[in-house]
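Residue numbering restarts at 1 for every chain, and letters A, B, ... go by the order of the sequence lines.
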Protein chains: 2
Amino acid sequence: MDMTPQLTPLIQHIRKFVPLTDEEITPLAALIHPKTIPNKTILSRAGEVCHEKYFVIKGCLRLFIHTDDGNEQIIQFAIDNWWMTDYMSFEMQKPSTFTIQAVEPSQLLVITKMDLEELLAKVPRLERYFRLIVERAYSASLTRIHFIYNQSGEERYGQFSRMFPEFVQRVPQYMLASYLGFTPEFLSKIRAKRKD
Amino acid sequence: MDMTPQLTPLIQHIRKFVPLTDEEITPLAALIHPKTIPNKTILSRAGEVCHEKYFVIKGCLRLFIHTDDGNEQIIQFAIDNWWMTDYMSFEMQKPSTFTIQAVEPSQLLVITKMDLEELLAKVPRLERYFRLIVERAYSASLTRIHFIYNQSGEERYGQFSRMFPEFVQRVPQYMLASYLGFTPEFLSKIRAKRKD
DNA sequence: ACTCGTTCTTGAACTAGATTAAGTTTTTTC
DNA sequence: GAAAAAACTTAATCTAGTTCAAGAACGAGT
């Protein structure tokens, strides 16, 4: 019988990267907490220290920055089975430049900096898990830089909607435009062109 | 007396992030090897598996991708005290999309995938070190995406040369242009404008 | 079902940066 | 130290994407 139904997606995710015994699940369950939040909930605010790390079970988060001209630039989305935090702020416990906010009603798992350190002390194997996770995220972001430099906005949109067709439906278009690095007006034009 | 003079910069670097006893240095010294290479040496080639991870003691590496139109797009530079590898290829042992090449005569420390796994087994604390390193690199690359989206080429160049004034002298301008995401011609114009 | 706020669309005028091509300067090599 | 190769500059033309402005469609709450 499973004592930690909410943790299941995370445990499965961890086991894709490192072995995890049943005893090791105990401290995990003690230190990580489920949290259900409505759309638009702000989890971490620019200017404040980011104290928590979030694992998305279901839903969607965005990490964005306030630009000089008063807009919001979306740097990252997190959907099912992604960890999200401001790594810099979280690790150094310095004020964050980013804001993390829900873009849909979402089911999360949350762990604080303090509890994560305790967890890593108790289950050192997880250092490896988190290393492998970040390595993937880093690789992905380098590839993203390559695409930003070498593809037109239209090509990036095409590729993105081929890779995440359902996702394009889920978030407002102006957020997609922000993430892809162009204006909502331009996205509108791209879509108009494709319709015929 | 120091038995491992070449490892000193790495050991100092590691100790900024995690404690490291003298006994733990022994496996480190046994598995990591110094390597001195001339300018333009190719360390890892697109299409082949990237078997090694490089720590730059002195010099400079670049990681780039061959674009469809036959150019080279520089994704990352590595200078003193940076690790460089194609994380995706190295970790999955799948063919790499990137090429890693020296841009100056360089002094490196090299470790193979196999030896790294052995090292991590012997000194598990290093999992944490490598995690913290990649987290920083990941944060930096997200911030870079923000700058690419929200600053003009000229602003990016200005900021880059303020942050790394010596570095701008060291590498050819067309590489800088490639890294910053515009053409060498445009960089030329920026510089002409600044001269007066 | 109506309303208010949010999101999406369209078009005209504009600009940062690309492209092409030729010429110049600097560096490397024999 | 001459010749070849690599790196940098300049200028004219062109285009992907921005900005601004105004209107249309959608959606959630009462």
Parallel, tilted or perpendicular, as decided by the 30° and 60° cut-offs, for the rings of F160(B) and F164(B):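 Because their plane-to-plane angle lies in the 30° to 60° range, the rings of F164(B) and F160(B) count as tilted.
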To the nearest angstrom, how far is Y174(A) atom OH from dT6(C) atom C1'? 8 Å
Whole angstroms only, please: what is the CZ-C1' distance between R191(B) and dT9(D)?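 Result: 10 Å.
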Quick one, I14(A) and L28(A) - any side-chain contact, counting heavy atoms below 4.5 Å? yes
In whole angstrom, give the distance that lies between atom CD of Q173(B) and atom C1' of dC8(D).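 After rounding, the reported distance stands at 6 Å.
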Round to the nearest Å and state the distance from Y149(A) atom OH to dA16(D) atom C1'.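 Taking OH of Y149(A) and C1' of dA16(D), I get 17 Å after rounding.
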Residues R162(B), E155(B): salt bridge by 4.0 Å N-O rule: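 The answer is no: the pair does not qualify as a salt bridge.
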Whole angstroms only, please: what is the CD-P distance between E155(B) and dA16(C)?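 Atom-to-atom, E155(B) to dA16(C), this comes out as 10 Å.
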Examine F130(B) together with W83(B) and report whether their ring centres are nearer than 6.0 Å. yes
Pair up each side-chain donor or acceptor in residues 179-190 of chain B with any protein partner under 3.5 Å, not counting sequence neighbours, and list the distances.
unit_1	atom_1	unit_2	atom_2	d
T183(B)	OG1	F186(B)	N	3.2

Of the nucleotides dT18(D), dA18(C), dT9(D), which has the atom closest to the T183(B) side chain? dA18(C)
Please confirm whether the backbone N or O of V134(B) pairs with a side-chain atom of Y87(B), one donor and one acceptor, at under 3.5 Å?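 Here the side-chain-to-backbone pair does not exist.
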Rounded off to whole Å, could you give me the CD-to-C1' distance for the Q151(A) and dG17(C) pair? 18 Å
Would you check if V168(A) and Y157(A) make a side-chain contact, meaning some heavy-atom pair closer than 4.5 Å? yes
So if I take residues 69-76 of chain B and measure heavy-atom distances to DNA chain C, which residues fall below 4.0 Å? none
Could you tell me if the side chain of R62(A) sits less than 4.5 Å from the side chain of V171(A), heavy atoms only?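 No. Closest side-chain heavy atoms not under 4.5 Å.
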If you check the S152(A) side chain, which of dA16(D), dA18(C), dC8(C) turns out closest? dA16(D)
Base-contact (B) and sugar-phosphate-only (S) positions in nucleotides 22-30 of chain C, heavy-atom cut-off under 4.0 Å, - elsewhere: ---------
Under 3.5 Å, which protein N or O atoms sit close to an N or O of nucleotides 12-14 of chain C? Give each pair with its distance.
unit_1	atom_1	unit_2	atom_2	d
dA12(C)	N6	K189(A)	NZ	3.4

So do F90(A) and K113(A) actually touch side chain to side chain, heavy atoms under 4.5 Å?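 Yes, their side chains come closer than 4.5 Å.
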Taking atom C1' of dT19(C) as reference, at what distance in whole Å does atom CZ of F186(B) sit?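 Going from CZ in F186(B) over to C1' in dT19(C) covers 14 Å.
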ring-ring contact (aromatic ring centres under 6.0 Å, His included) partners for H66(A), two or more places apart: F64(A)
Which part of the nucleic acid, if any, lies within reach of S188(A) when heavy atoms closer than 4.0 Å are counted: base, sugar-phosphate only, or nothing?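 The answer is base, as S188(A) lies within the cut-off (heavy atoms under 4.0 Å) of a base atom.
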Which label fits H13(A) and F55(A): parallel for a plane angle under 30°, tilted from 30 to 60°, or perpendicular past 60°? tilted
Take atom CG of N150(A) and atom C1' of dG17(C), then tell me their distance rounded to the nearest Å. 15 Å
For H146(B) and Q151(B), does a side-chain donor sit closer than 3.5 Å to a side-chain acceptor?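 No pair is found: no donor N or O on one side chain lies under 3.5 Å from an acceptor on the other.
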Less than 4.0 Å between a side-chain N and a carboxylate O, is that true for E127(B) and R131(B)?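 So R131(B) does not pair with E127(B) through a salt bridge.
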With distance as the sole test, does S89(A) use its side chain to make a donor-acceptor pair with the main-chain N or O of C50(A) at under 3.5 Å?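 Side chain of S89(A) to backbone of C50(A), a donor-acceptor pair under 3.5 Å: yes, one is there.
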Using a 4.0 Å cut-off on heavy atoms, which residues in residues 160-172 of chain A reach DNA chain D? List them by number, or say none.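 Correct list: empty, so none.
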